[in-house]
4 protein chains.
Amino acid sequence: MAEIKVAVLGAAGRMGTQACAAVEAADGLSLVARLDRGDEITAGSLSGADVVVDFTVPSAAEANVHAVLDAGAHAVVGTTGWDDASRGRVAEHLDRCNADRADGSGLGVLIAPNFGLSAVLAMTFAAKAARYFESAEIIELHHPDKVDAPSGTARHTAAAISAARADAGLPASPDATESGWDARGADVDGVRVHAVRLRGLVAHEEILLGNPGEQLVIRQDSFDRSSFMPGVLVAVRAVVDRPGLTVGLEHVLDLT
Amino acid sequence: MAEIKVAVLGAAGRMGTQACAAVEAADGLSLVARLDRGDEITAGSLSGADVVVDFTVPSAAEANVHAVLDAGAHAVVGTTGWDDASRGRVAEHLDRCNADRADGSGLGVLIAPNFGLSAVLAMTFAAKAARYFESAEIIELHHPDKVDAPSGTARHTAAAISAARADAGLPASPDATESGWDARGADVDGVRVHAVRLRGLVAHEEILLGNPGEQLVIRQDSFDRSSFMPGVLVAVRAVVDRPGLTVGLEHVLDLT
Amino acid sequence: MAEIKVAVLGAAGRMGTQACAAVEAADGLSLVARLDRGDEITAGSLSGADVVVDFTVPSAAEANVHAVLDAGAHAVVGTTGWDDASRGRVAEHLDRCNADRADGSGLGVLIAPNFGLSAVLAMTFAAKAARYFESAEIIELHHPDKVDAPSGTARHTAAAISAARADAGLPASPDATESGWDARGADVDGVRVHAVRLRGLVAHEEILLGNPGEQLVIRQDSFDRSSFMPGVLVAVRAVVDRPGLTVGLEHVLDLT
Amino acid sequence: MAEIKVAVLGAAGRMGTQACAAVEAADGLSLVARLDRGDEITAGSLSGADVVVDFTVPSAAEANVHAVLDAGAHAVVGTTGWDDASRGRVAEHLDRCNADRADGSGLGVLIAPNFGLSAVLAMTFAAKAARYFESAEIIELHHPDKVDAPSGTARHTAAAISAARADAGLPASPDATESGWDARGADVDGVRVHAVRLRGLVAHEEILLGNPGEQLVIRQDSFDRSSFMPGVLVAVRAVVDRPGLTVGLEHVLDLT
């Protein structure tokens, strides 16, 4: 496979700096441009990049992606703040770019709310396993400076478990509790999510699935930001062969 | 040490049956009487027992203990349902029994809400460690047929941690959470307790203590009722040398 | 879907008794025959069973399966002791049975070394995830009366992880250890397997996968034999639509 | 209590830098001197420090401590490399310093192989609990660049558990294993220690104690070096009231 040329937007930020280093260290990838606030995004400034990685800010990300597509490159986006409307506009832009390609090739954009492989795999496996267990609950654990509870990742996991249970015709998890509903966390689509806040922790999630006489626990620990880089590299390598819009790293993982 | 003669009240019940078997299998103990509902408790029916173990029902336990003391034996009580008043009457009865003993000997009664060594040790260690950590939270996990949340053991643990933190002058555990307080569990004296209910589990408790860069986790698992027997044996061996009323197995454990 | 009629061989044994109860309690299944040692296996004695579940002994299982096929029924086999030769003979027998079926229907046999859903899912997910992590190690934990170490399940899991890593072109997990190789366990195809033996435990497995800054842990707990029954029911429902020989419950789980 | 004045040796090193910051941020402590390689240790250069913290190198630590005592200050030592002979010389020096003090006051030196509160507490609690459990095993988990296995902390923990079991007259943990002793780790005084090496981990230890039907697990996680600072502060505050030589942070923790 030919080498993939990569540009990074937000290259001076915390995530962007790590992304540049990860690309430089990776087999088969080469870093051809580092752009930051104020730099214009053009075919020229991107130096012929095949894939552009965006770790900027929510207010800039959508415009960046449109400029990247206009410059003829694929995009991998780690910046948050997307909604149905902004994702829809990117999908339409991709349709226009790829309209004339009858061969299944074309530009791709991959937007990932989470590049942590362990987090994405935990969520994916939990959803796959859910139909086989009578009970399912989630414990997420984070540092105590986190403002929201439960975490977005835990909410997504709970929603995915809930959908899988509904699809398999499972009733609600059994629960005889008569009182005591004042702990940190929430009921997300019928799945109980517990939120622990503890000094020393970073970001962790534990999914518990139970049947009579057995338990399956899927736990993931994110100890620091470096953990996102393997997922970024997976995304960069995958997006060149995946025309159109993809939301979620799980869709480009090979789990067959 | 001379052999300790033991009688069991509620000998035909689930816990009593196991207690009889455990006493019979233990070095230095011999089972001299099995009594059940309808049997009178007298020096005669107890067959000279040094220690009487009560696994009956809350409505009978206090009367049983007074009868055991009248018969001149020590008591180890695993039956629940005690309050300040009933404990006070037992303490007074013991005072009368032991009034003439200047030598520090005398009859003893040990009432234990929990004979599980792992549960009692987890609670005790958590309370001792609490003063050294910025954050403390508890997760208790039980089968889904449990009606109350959080469990009594978790409430006791939280109260002990809270008292230790107050004693050491610690502020509340840090917590920036702005919303999301609808999960199973409670705030017990300022310590967050999360309650998980999952088919396949029995009774488990996990205490999490956190500082910058480190975590101490104390976890105990009770897989079945047999787990209470080592604690019963510890209590039987200890009560003969511990005149007066003792509440809680932790007071007779050697943790120096 | 029409009701599936089920017969159980070894119906008086520990697993067979539970299998009978599980079938009787299951929606869409009915128990039509219980056979045990000495009972002949014929179309008559099987009472028209669609599926026959075998929980007998290694010395009887292969002959039982051939008799079940001769009687025109599918088989689900939980009995151990199979090797390539005996599996080959069953596959040939199935080929003969199904030779005239051009429609993809036909008799099926499912042999499962492990019916524990949590164990099978843990192994399957670990193998799928393995290609995405730099390090992989396994801890299996069992009661101390177990004679072999590491467990068969842990060996299978390690072999599956090793194959997935090789397939993805990963090198060996990094390891700077210079000395200290005397603990219970083994190196299985380059994956380190640690074997813990502890009173109170039953059968547990924990797979640890690590990248810089993150960890994925997949843990399964088998607390008692009842945990195998959901997997038996999955197998019974699947085998009627899966002609030919299938080895391993994972092949009939819906993990898409 | 009057403010404690603190000097740090090795103030420019990784641990020393953090120690300076921790002292400056702590209530009741003030940092009065930072010394590094080449600086002479005298009453003058220590600026009247009550307590001197040493995070230098093994080849310098002993001489540093003698100089600190000559300057009339207490010492807290985190530098490794001590043996019986060097500890003996410090103890003798302390005896001479404190010979004329009839009031129980005097200079103190605290040498701690580990300032991690969670690590020290885990080891201490495991040793206290060990006498009450039939089985005990240890799993230590570290990054894969570690050269030795098992870790020094795990070896100390195993030795403490072994001593406690022997003291209580317990036999060896039950173990029917007939083969399979090739995993990373060791038998330390009869206690099995398993050593896991995994990218992403830092330093972790899990002590498992088992009885029929129950398990007690004490786990500690050291995520980064900052975790040692709370222990350093505990030591600084304790050493001023603890004349003579103390080896091990556990001796100055209040665990009553």
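A note on names: the letters A, B, ... follow the listed sequences, proteins ahead of strands, and every chain is numbered from 1.
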(request) Below 4.5 Å from any heavy atom of chain D, which atoms of B:Phe133 appear? Answer side chain, backbone, both or neither. (result) side chain

(message) Is B:Pro212 close to chain D through its backbone or its side chain, or both, or neither, when contacts mean heavy atoms under 4.5 Å?
(response) both

(message) Tell me which of these, B:Leu121, B:Thr124, B:Leu209, B:Leu253, has more heavy-atom pairs under 4.5 Å with chain D than the rest.
(response) B:Leu253

(request) Please determine, among D:Gly210, D:Ala168, D:Ala129, the option with the most heavy-atom pairs under 4.5 Å with chain B. (result) D:Ala129

(message) Is it the case that the side chains of D:Gln220 and D:Ser222 hold a donor-acceptor pair, with the cut-off being a distance below 3.5 Å and no angle test?
(response) yes

(request) Heavy atoms only, distances under 4.5 angstrom: which of D:Phe223, D:Tyr132, D:Phe125 has the most pairs with chain B? Name it, please. (result) D:Phe125

(message) For chain D, which candidate among B:Ala119, B:Gly213, B:Ala164 shows the most heavy-atom pairs at distances under 4.5 Å?
(response) B:Gly213

(request) Can you tell which part of B:Ile207 gets under 4.5 Å to a heavy atom of chain D, answering side chain, backbone, both or neither? (result) neither

(message) Is it the case that the side chains of D:Glu140 and D:His204 hold a donor-acceptor pair, with the cut-off being a distance below 3.5 Å and no angle test?
(response) no

(message) Is there a side chain to side chain contact (heavy atoms under 4.5 Å, CB included) between B:Leu31 and B:Val8? Walk through the geometry before answering.
(response) CA-CA 8 Å; B:Leu31 184 70; B:Val8 173; 3.8 Å; yes

(message) Quick check: do B:Ser173 and B:Arg165 have side-chain heavy atoms less than 4.5 Å from each other?
(response) yes

(message) Regarding D:Ser227 and B:Glu214, do their side chains bring together a donor and an acceptor under 3.5 Å, going by distance alone?
(response) no

(message) Looking only at heavy atoms and a cut-off of under 4.5 Å, which of D:Asp224, D:Leu117, D:Asn211, D:Val234 has the most pairs with chain B?
(response) D:Leu117

(request) Ignoring hydrogens and angles, state whether a donor on the side chain of D:Ser151 or D:Glu205 is under 3.5 Å from an acceptor on the partner side chain. (result) no

